[in-house]
Amino acid sequence: MTAELIDGKAFAATVREKVAHHVARLKEDHRITPGLAVVLVGEDPASQVYVRNKGRQTVEVGMESYEHRLDADTPQADLLALIERLNNDPSVHGILVQLPLPDHIDADLVINAIDPAKDVDGFHISNVGLLATGQKAMVPCTPLGCLMMLRDRLGNLSGQEAVVVGRSNIVGKPMAQLLLRDSCTVTIAHSRTRDIGEVVRRADIVVAAVGRPGMVPGDWIKPGATVIDVGINRVEAPEKGMNEDGTPKTRLVGDVDFDSAAQVAGAITPVPGGVGPMTIACLLANTVTACCRANGLSEPEGLTA
Ligand code: NDP
């Protein structure tokens, strides 16, 4: 391997330290404790793990964590009423509704019912528009984490060729907007892109957010490029042995073929341990930013886009 490894776990720890420092200042100087409300509807096992981790890390940095667990058959009107209460609660500075929501609930309606100033996921249509027009927005956590890692490694991103593979509303599109805001020349590739290898080969910065294990091989990477792998894919790993039920054990891999890409790239994020840990760290960063904005205080440096 020739590429430098970008250690997302270590980077996320530094982000959490900065957040904890700002939380302490808010408490000491202003008697304000930032609060994050997380709403979970139903019993999706993966969502339960995410919500537990978010709650634990929120408390660890000194913030208040408010968890609202609702039954899977909770009527949409009840969920909207809860969001209205949280919007009006001055001790809540950030609101996150864990996705996916059950089928009978209109996720867009629910997300757009959150006060945009408390929308720490950055999914409200107002925040999408603010980001697209270069105004002060709440920025989605995963792309914000990627941007922080890129700025840390490359400094000023101006003029860099950036290719984002994937155009989802939660990763690809906001990532492209952030890179554009930092004056990169941005291309978004997706499932209909022709000669995608050729497109990716132009890039000084590659962000892969697709959900297909190892789809970006090393020979798509320009020598020296910085590669950010957002993908989280669980694949069978028979080399790790078998489970009790006779099925092979599994492991997590990214959208980039790490072994071949690491021979060519200048720097690369691993999976796991790359972008993943940054997402919750950026949720905490967004909550402290939302708290500062709500109280007319200056924003924490280095924690916003
Ligand atoms: P989506 O499924 O919403 O979007 C995937 C995108 O990839 C689509 O735009 C799709 O294109 C594109 N795509 C699919 N197949 C191809 C292909 N063969 N060539 C080029 N583009 C393709 O996924 P998300 O954005 O939500 O997530 C992407 C990955 O990132 C997943 O692995 C997910 O688990 C991970 N993730 C990780 C997070 C973290 O914290 N690290 C957070 C969020 C996501 P089209 O629009 O044309 O269909």
Side-chain angles (χ1 to χ4, degrees), residues 1 3 5-13 15-16 36 38-61 65-74 79 96-105 107 121 141-142 145-146 149 165-166 168 170-172 191 207-218 227-263 265 268-284:
M1 169 171 162
L5 199 69
I6 302 175
D7 184 346
K9 216 171 152 187
F11 200 103
V15 172
R16 285 197 302 273
L36 172 63
V38 177
V39 180
L40 173 63
V41 185
E43 282 95 39
D44 178 60
S47 294
Q48 287 190 337
V49 174
Y50 293 143
V51 167
R52 211 169 32 242
N53 286 341
K54 285 168 186 171
R56 181 175 48 76
Q57 293 192 30
T58 303
V59 172
E60 278 171 8
V61 295
S65 167
Y66 307 102
E67 271 180 35
H68 297 268
R69 290 169 184 269
L70 308 181
D71 292 337
D73 58 0
T74 298
L79 176 56
L96 178 146
V97 176
Q98 185 65 45
L99 301 176
L101 288 167
D103 288 346
H104 69 280
I105 293 178
D121 249 345
C141 304
T142 301
C146 298
M149 290 195 285
V165 189
S168 72
I170 63 166
V171 190
S191 67
V207 181
V210 179
R212 285 176 161 247
M215 80 156 266
V216 177
V227 179
I228 306 289
D229 191 352
V230 182
I232 301 177
N233 308 290
R234 191 165 282 285
V235 296
E236 290 186 352
E239 73 279 5
K240 287 174 69 177
M242 307 301 271
N243 294 311
E244 278 174 11
D245 64 1
T247 56
K249 291 203 186 283
T250 58
R251 65 189 173 99
L252 294 180
V253 298
D255 290 339
V256 176
D257 178 47
F258 183 86
D259 291 341
S260 61
Q263 300 302 322
I268 188 167
T269 59
V271 177
V275 176
M278 287 296 288
T279 297
I280 298 184
C282 287
L283 172 68
L284 305 176

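Owing to the predicted nature of the structure, the values given are computational and were not obtained by experimental measurement.
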- Note on the structure: To the nearest 0.5 Å, atom CD of Gln57 lies from atom CZ of Arg16 at 5.0 Å

- Task: Using a 4.5 Å cut-off on heavy atoms from C-beta on, say whether the side chain of Asp229 contacts that of Ile268.
- Result: no

- Do His104 side-chain atoms and Thr74 backbone N/O form a donor-acceptor pair below 3.5 Å? yes

- Query: Can you tell me if CZ on Arg69 sees more than 12 non-hydrogen neighbours from other groups inside 6.0 Å?
  - Reply: yes

- Query: Run the side chain to side chain contact (heavy atoms under 4.5 Å, CB included) check on Tyr50 and Asp44 step by step: do they pass?
  - Reply: CA-CA 10 Å; Tyr50 293 143; Asp44 178 60; over 6 Å; no

- Item | Check: Pro100 and Ser47 side chains under 4.5 Å, non-hydrogen atoms | yes

- If you draw a 6.0 Å radius around OH in Tyr66, do more than 12 non-hydrogen atoms from other residues or ligands fall strictly inside? yes

- Got a donor-acceptor contact below 3.5 angstrom from the Asn233 side chain to the Gly254 backbone? yes

- Heavy atoms of other groups near Asn243 CG, more than 12 under 6.0 Å: yes

- Message: Can you confirm whether Ile170 sits close enough to Thr142 that some side-chain heavy atom of one is under 4.5 Å from a side-chain heavy atom of the other?
- Response: no

- Query: Does Thr269 use its side chain to pair, donor to acceptor, with the backbone of Gly274 at less than 3.5 Å?
  - Reply: no

- Item | Worked verdict on Asp255 versus Val165 for side chain to side chain contact (heavy atoms under 4.5 Å, CB included) | CA-CA 10 Å; Asp255 290 339; Val165 189; over 6 Å; no

- Query: Are any of the side-chain heavy atoms of Glu67 and Leu40 separated by less than 4.5 Å?
  - Reply: no

